[in-house]
Number of protein chains: 2
Amino acid sequence: MVLLRQGMQHVRNYYNSEAQMIRSNFPRPFISQTYKSSFTKQKSKVENKLLAAKKHSEAEKRRRMRINGQYETLRSILPNLIKKDKASILVETIKQVKELKKKASNLEEQNRGTLKEVKFPSGGDRLNLEKCNDEEGLVKATLSCEDRPGLMSSIARAIGSMKAKVVKTEMVTVGGRTKTVLWVQGIENESMGMLKSTLKVVMHKPSFKMRRFPQ
Amino acid sequence: MVLLRQGMQHVRNYYNSEAQMIRSNFPRPFISQTYKSSFTKQKSKVENKLLAAKKHSEAEKRRRMRINGQYETLRSILPNLIKKDKASILVETIKQVKELKKKASNLEEQNRGTLKEVKFPSGGDRLNLEKCNDEEGLVKATLSCEDRPGLMSSIARAIGSMKAKVVKTEMVTVGGRTKTVLWVQGIENESMGMLKSTLKVVMHKPSFKMRRFPQ
DNA sequence: ACCTACACGTGATAC
DNA sequence: TGTATCACGTGTAGG
């Protein structure tokens, strides 16, 4: 494997590179200088240079290791990583980040669209119908009005009279006002208007029975 | 800026490196060889080597650019990126990925914990009360039973008689059975048992009014 | 033989 | 000053 080379190359010591540096382009002392200056002074310069170079390459190595460590954790985090080379890792990471961002915002939207939205009944009376796109013939009806006993059953009866069925409801009551969300199954396109007007009547006028036998 | 150096270094051509290669450690032809062999043959070898080296360094440059391009897009994607160096980018990326994963799973959990959970009424009659830890005095009551008109208002009356209040309800009706979740505010610890028994009665026996005026 | 990916040491540059 | 980061060309192992 490619990654196994890493361990091997750690064996290399710095003498190789020092020798190479001296051989190639490192300034030599002039012969005409005195022995002492040409030797001790230049040698200390050489040694300083070597030391600096060594420090430099060691620092660079630390930097590489820091970066490669992060690549390593990325490798461990990312699922289904086929190509393990650095560029592919970064590409895959970017893809993942984008996907996760989209997923998170979608889920937040969903959450908002269910419970959070229904949390507060609006002040004025309101009635809204919309078709759910995820299922055929499913209509979501949202209504805000004054709360009263028997409201739910009135609504259920109204919908039952239209041969439709309430499959799910959410209801919040706060301060005497109620916001109700109904998911109604079995509403045809042409009967949407009728459903709306029926619900409107039920919302505002207590039914016959409710008036005669107030609870 | 550090990143501005990139553009400058592109100006460097390959003659520098070729010269350096010849100067430092590239094999020289022997003088004792014939003119032809020592010149043309070695020159072609040199040229081949140079060509190969050039190809190599160009390929390496492409690789670097590929990787650095991904760093660039990461820089653009990640918000609030203070330190722009490679290691920090990777660290920040990893943090983001972990956070997003956690966030996504939390939101999924939330979604599951609200709507999905309440979706199916259980077959047998069931009544469960639990205290909500996020708010003081808030109790979540879950009950599954046969559906009937007026059930909701019976429940509401029962709870009202205990000086408590239903602040939110979720209700699913499917196949004549109903699962209802009530969030009840204002229940003391000692009245939990009373609430439970009251709800039990309401669940199984239609109220007086309901029996006299069946809807 | 060729290509790819990597680690390395180095000079340049910024702070 | 020293101490970061970076791009670069190179040697080298694996395919």
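Lettering of chains follows the sequences in order, A, B, ..., and the numbering in each one begins at 1. What's counted below: heavy atoms across the whole structure, side chains too, no hydrogens, waters or symmetry copies.
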Which whole-number value in Å describes the distance from [X] [atom1] to [N] [atom2]?
X	N	atom1	atom2	value
Arg64(A)	dC6(C)	CZ	P	13 Å
Arg63(B)	dC6(C)	CZ	P	5 Å
His56(A)	dG11(C)	NE2	P	8 Å
Lys83(B)	dT5(D)	NZ	C1'	10 Å
Met65(A)	dT5(D)	CE	P	14 Å
Asp85(B)	dT5(D)	CG	P	6 Å
Lys54(A)	dT3(D)	NZ	C1'	18 Å
Lys84(A)	dA13(D)	NZ	P	24 Å

Report task. With sequence neighbours left out, write down each residue that passes salt bridge (charged side-chain N to carboxylate O under 4.0 Å, His left out) with Lys103(B), or none if nothing qualifies. Result ->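 Only Glu108(A) meet the salt bridge (charged side-chain N to carboxylate O under 4.0 Å, His left out) criterion with Lys103(B).
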Query raised in the report: Given dA7(D), dG9(C), dC6(C), which nucleotide is nearest the side-chain atoms of Ser57(A)?
Result: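 Of the options given, the side chain of Ser57(A) lies nearest dG9(C).
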Report task. Please state whether the phosphate of dC8(C), meaning OP1 or OP2, lies under 4.0 angstrom from any side-chain nitrogen or oxygen of Lys61(A). Result ->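 Yes, because at least one side-chain N or O of Lys61(A) sits under 4.0 Å from OP1 or OP2 of dC8(C).
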Query raised in the report: So does Lys86(B) get a side-chain nitrogen or oxygen closer than 4.0 Å to the phosphate oxygens (OP1/OP2) of dA7(D)?
Result: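 Lys86(B) to dA7(D) OP1/OP2: side-chain N or O found under 4.0 Å.
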Query raised in the report: When all nucleic acid strands are considered with a 4.0 Å heavy-atom cut-off, which category describes Lys55(A): base, sugar-phosphate, or nothing?
Result: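 Answer is nothing: Lys55(A) stays at 4.0 Å or more from every strand.
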Requested in this report: Could you check whether Arg66(B) gets within reach of a base, just the sugar-phosphate, or nothing at all, counting any heavy atom under 4.0 Å?
Outcome: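 Counting heavy atoms under 4.0 Å across all strands, the contact made by Arg66(B) is with sugar-phosphate only.
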Requested in this report: State plainly whether the residues Glu58(A) and Lys55(A) are in salt-bridge range, i.e. N to O under 4.0 Å.
Outcome: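 Judged by the 4.0 Å cut-off on N to carboxylate O distance, Glu58(A) and Lys55(A) do not form a salt bridge.
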Query raised in the report: Is there a donor and acceptor pair closer than 3.5 Å between the side chain of Glu60(A) and the base of dC6(D)?
Result: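 When only heavy-atom distances are counted, Glu60(A) does reach the base of dC6(D) through a donor-acceptor pair under 3.5 Å.
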Query - Dot-bracket line, read 5' to 3' along DNA chain D, where crossing pairs take [ ] and | marks a partner on another strand, Watson-Crick or G-U under 3.5 Å - result: .||||||||||||||
My understanding is that only residues two or more places apart in sequence, or in another chain, count here; which of them pass side-chain hydrogen bond (donor to acceptor under 3.5 Å, both in side chains) with [X]?
X	value
Ser88(B)	Asp85(B)
Glu60(A)	Arg63(A)
Lys131(B)	Asn189(B)

Requested in this report: Answer yes or no: is there a donor N or O on one side and an acceptor on the other, between the side chain of Arg126(A) and the main chain of Cys145(A), under 3.5 Å?
Outcome: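 A pair under 3.5 Å: no.
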Query raised in the report: Can you list every pair that meets salt bridge (Lys or Arg N to Asp or Glu O under 4.0 Å) and has a residue in residues 86-96 of chain A, with sequence neighbours left out?
Result: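 For residues 86-96 of chain A, and leaving out neighbouring residues, the salt bridge (Lys or Arg N to Asp or Glu O under 4.0 Å) pairs sorted by first residue read Glu92(A)-Lys95(A).
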